[in-house]
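As structure tokens, the structure follows; a few thoughts come after it.
What you see is a predicted model, and the numbers here were worked out from it, not measured in a lab.
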Amino acid sequence: MLLTSGLISRLLSERKLAAMQAGREFLETHSTDELLKLVGQRIKGISATDPEDKLVLPSCYGGGQPSQGEDYLVGKGLFYITEEGRLFLDCTSGHYQMVWGYNHPQLCRAVEEGQKAGIVWDNHSNIPQAPVKCLANRLVALANAPDGSHSIDKALIGICTGTSACAAALKMQLCSYQRSRGDKGPPIMVVLDGNYHGTDMFTQYLRGMWREYLTNLEVISVQPNDRGQLQNVFNQYGERIAAFWAEPVMMKREAILVEPDYLRLAGECCDAVGAALCIDEIQTGFWQPGILYSPSIGVKPDMIVVGKGMTAGFHPLSALLFNSKYDILEQYDALNTNGGAALASYVGLCCLDMVESVSEQIVSVGDQIMSGLSSLATQFNDRIQQTQGFRHLAGLKFRQVEDALDFHRRAVESGLWIRAHAYHQGHSTVLTKLGLLADEKIVDYMIAGFRSLLQN
Ligand SMILES: Cc1ncc(COP(=O)(O)O)c(C=O)c1O
């Protein structure tokens, strides 16, 4: 059935709508098995005859040019079709955020039911609607260690993307430092080399940008998993350290797994000098059987940042979970002026429930991904150095950067949408982050596809 709503066809054009509709019908009437057989192929009868050009979009996001048909037309679950009608298996969950793939029916229904029930998209943050409070309470409960010791008892919700939540954490850390140790000199943030905590100036400053513009804040980068170096830095700078930041799996640095032991040591170092342990779970969160990763490895952060997966690619929402001793900002110091995003919070609650309902599968499929990649690393040892990451957040590190780039190019050509980290000195890794809809069959397909690319 063709969508004929006047408004949508007026805003998008009849032809664009028809292409989207044809793609949707195709995806809905084909089983996973049937779709897997067609990955990489152009699907007959589906193409956007008038793709919108993207001249006004920034070049760094592929803009500044007419559309070549490579852009997203329509998707369902783990599959999507491009404007030229090519079928892809998305092995990275969009941009690492779509826990349940594209437009999961349960979440779409939740949006409709929520609105019917009176949940608003947004309202003033001083009068949060029930879903915001429910989500805050659930996240705080999940953030604490199973032994009942409470290190997290506050949640700041209603801040759009992960960057804003990370920036809020930084401000709390600075304010707290200023109050308690401001006389000791400029504060220091200890971060991991290759960190990524967002796109505003402050969070980019942590990874070396804008250094000449921000002053009186020092950043010391340490190598992930180098325990000796971490201890030396804490011994040397002691109470001048305001916080230690880490992402448990560094999805912006070749999916390096930061070892649990190392994070526990970082916690001890922070406790010894009064620094905040801040764990950025924007990537790991909502991809774990227990939603968050830190409690599962016995790490008790003062702050945990979540985002991306929390609302599964629906309305972006992030949260900062923290200890009440950092509850020291004034209104508008950190929150934006949008409110608590009640409907998005409701989607977050639904997503949380859905993740919990597949906790066993997360482990088994995650382990299958890692063992599949390890088997490739063994078989193609001449080109692959090792596997990296943890369960769904996985990387295949090549010995040569050219091999990683070539593999990435050919994988995308064959319809497997994956990412490559091979543009910085020493980086030579391809990455996957399959959504939680992926089952044994999907993983087998992806690994077999990789094997065939490595053989040819
Ligand atoms: C670990 C980590 N922190 C922070 C961010 C920033 O989140 P956002 O892009 O939603 O602002 C990202 C985004 O990829 C991330 O991976």
Do any N or O atoms from the side chain of Arg419 and from the backbone of Val430 form a donor-acceptor pair under 3.5 angstrom? no

Check whether any side-chain heavy atom of Glu247 sits under 4.5 Å from a side-chain heavy atom of Asp280, and report yes or no. yes

Close side-chain approach of Ile282 to Gln97, heavy-atom, < 4.5 Å: no

Quick one about Ser294 and Lys300 (side-chain donor to acceptor, distance below 3.5 Å, no hydrogens or angles considered), yes or no? no

Could you state the interatomic distance from CZ (Arg451) to CG (Leu373), rounded to the nearest 0.5 Å? 10.0 Å

Can any side-chain N or O of Arg264 pair as donor or acceptor with the backbone N or O of Ile297 at less than 3.5 Å? yes

Donor + acceptor pair across side chains of Asp367, Ser364 (<3.5 Å): no

Taking the side chain as everything from C-beta on, heavy atoms only, tell me whether Leu416 gets closer than 4.5 Å to Thr432. no

Once side-chain contact (heavy atoms from CB on, under 4.5 Å) is applied, do any residues pair with Glu28, and if so which ones, sequence neighbours excluded? Arg24, Lys76

From Cys166 SG over to Leu320 CG, what is the distance, rounded to the nearest 0.5 angstrom? 8.5 Å

Check for a donor-acceptor pair, side chain of Arg86 on one end and backbone N or O of Gly40 on the other, with a separation under 3.5 Å. yes

I need the minimum non-hydrogen distance between Thr387 and Ala377, along with the two atoms involved. CG2-CB, 4.3 Å

Who passes side-chain contact (heavy atoms from CB on, under 4.5 Å) against Val365, sequence neighbours left out? Gln361, Ile369, His392, Val443

Is any side-chain heavy atom of Phe234 closer than 4.5 Å to one of Cys270? yes

Between Asp122 (side chain only) and Gly340 (backbone N and O only), is there a donor and an acceptor less than 3.5 Å apart? yes

For a 4.5 angstrom cut-off between non-hydrogen side-chain atoms, does Val74 reach Tyr102? no

Taking the ring of His30 and the ring of Phe26, is the distance between their centroids below 6.0 Å? yes

Main chain of Leu192, side chain of Asn195: is a donor-acceptor contact present, judged purely on distance under 3.5 Å? yes

Side chain to side chain, Met446 and Leu36, heavy atoms closer than 4.5 Å: no

Write down the atom of Gly290, the atom of Leu142, and the distance for their closest heavy-atom approach. O-CD2, 3.8 Å

Can you give me the closest heavy-atom contact between Leu107 and Cys350, atom names plus distance? CD2-CB, 3.8 Å

What one should report as the nearest heavy-atom pair of Met370 and Ala394 is SD-CB, 3.8 Å

Applying salt bridge (charged side-chain N to carboxylate O under 4.0 Å, His left out), run through Arg181 and Glu239 and close with a yes or a no. CA-CA 8 Å; Arg181 285 167 280 151; Glu239 291 191 351; 5.5 Å; no

Kindly determine whether Tyr237 and Val273 satisfy side-chain contact (heavy atoms from CB on, under 4.5 Å), including the steps that lead there. CA-CA 9 Å; Tyr237 296 100; Val273 302; over 6 Å; no

Quick one: does Phe398's side chain get under 4.5 Å of Gln385's, heavy atoms only? no

Inspect the surroundings of CD in Gln115 and state if more than 12 heavy atoms from other residues, nucleotides or ligands are less than 6.0 Å away. yes

Here the gap from Leu376 atom CG to Leu454 atom CG, rounded to the nearest 0.5 Å, amounts to 6.0 Å

Verdict with reasoning, His197 to Met189, per side-chain contact (heavy atoms from CB on, under 4.5 Å): CA-CA 13 Å; His197 301 292; Met189 297 289 167; over 6 Å; no

Between CD of Gln236 and CD1 of Ile241, what distance do you get to the nearest 0.5 Å? 9.0 Å

Would the number of heavy atoms belonging to other residues, nucleotides or ligands and lying under 6.0 Å from CD of Glu440 be above 12? no

Please check if the side chain of Gln129 supplies one atom and the backbone of Gly118 the other of a donor-acceptor pair under 3.5 Å. yes

Between Lys433 and Tyr96, is there a donor-acceptor pair closer than 3.5 Å when you use the side chain of the first and the backbone of the second? yes

Applying side-chain contact (heavy atoms from CB on, under 4.5 Å), run through Val412 and His408 and close with a yes or a no. CA-CA 6 Å; Val412 173; His408 173 251; 3.7 Å; yes

Please check if atom NZ in Lys252 has more than 12 non-hydrogen atoms from other residues, nucleotides or ligands closer than 6.0 Å. yes

Students often mix this up, so state it plainly: with edges at 30° and 60°, are the rings of Trp417 and Tyr80 parallel, tilted or perpendicular? perpendicular

Where do Leu277 and Phe244 come nearest, in terms of heavy atoms and distance? CD1-CD2, 3.6 Å

Side-chain (Trp287) to main-chain (Leu434) donor-acceptor, under 3.5 angstrom: yes

Audit row: Phe380, Asp403, side-chain contact (heavy atoms from CB on, under 4.5 Å) steps and yes/no: CA-CA 12 Å; Phe380 303 98; Asp403 287 341; over 6 Å; no

Name the atoms and distances for all side-chain donor-acceptor pairs under 3.5 Å in residues 304-315, with sequence neighbours left out.
from: Lys308; atom 1: NZ; to: His95; atom 2: O; distance (Å): 2.9
from: Thr311; atom 1: OG1; to: His315; atom 2: O; distance (Å): 2.8

Before giving the answer on salt bridge (charged side-chain N to carboxylate O under 4.0 Å, His left out), spell out for Asp33 and Lys37 the whole-Å C-alpha distance, their side-chain angles and the decisive distance to 0.1 Å. CA-CA 7 Å; Asp33 281 335; Lys37 286 196 189 108; over 6 Å; no

Which heavy-atom pair separates Ala342 from Pro131 by the least distance, and what is that distance? O-CB, 3.4 Å

Tyr326 side, atom OH; Met303 side, atom CE - distance, nearest 0.5 Å: 5.5 Å

About how many Å separate CG of Leu352 and CG of Leu139, when rounded to the nearest 0.5 Å? 6.0 Å

With heavy-atom distances below 4.5 Å as the criterion, would you say the side chains of Tyr196 and Gln283 are in contact? no

For Phe450 and Phe407, take the angle between the two ring planes, folded into 0 to 90°, and tell me which bin it lands in: parallel under 30, tilted 30 to 60, perpendicular over 60. perpendicular

Under 3.5 Å, is there a donor on one side chain and an acceptor on the other for Asp200 and Thr163? no

Take a 6.0 Å sphere around CD of Gln455 and say whether it holds more than 12 heavy atoms from other residues, nucleotides or ligands. yes

Check the pair Arg409 / Glu413 against salt bridge (charged side-chain N to carboxylate O under 4.0 Å, His left out), numbers first and verdict last. CA-CA 6 Å; Arg409 185 184 51 74; Glu413 268 170 22; 3.1 Å; yes

Side chain of Gln400, backbone of Arg383: donor and acceptor closer than 3.5 Å? no

Side chain of Asp302, backbone of Asn323: donor and acceptor closer than 3.5 Å? no

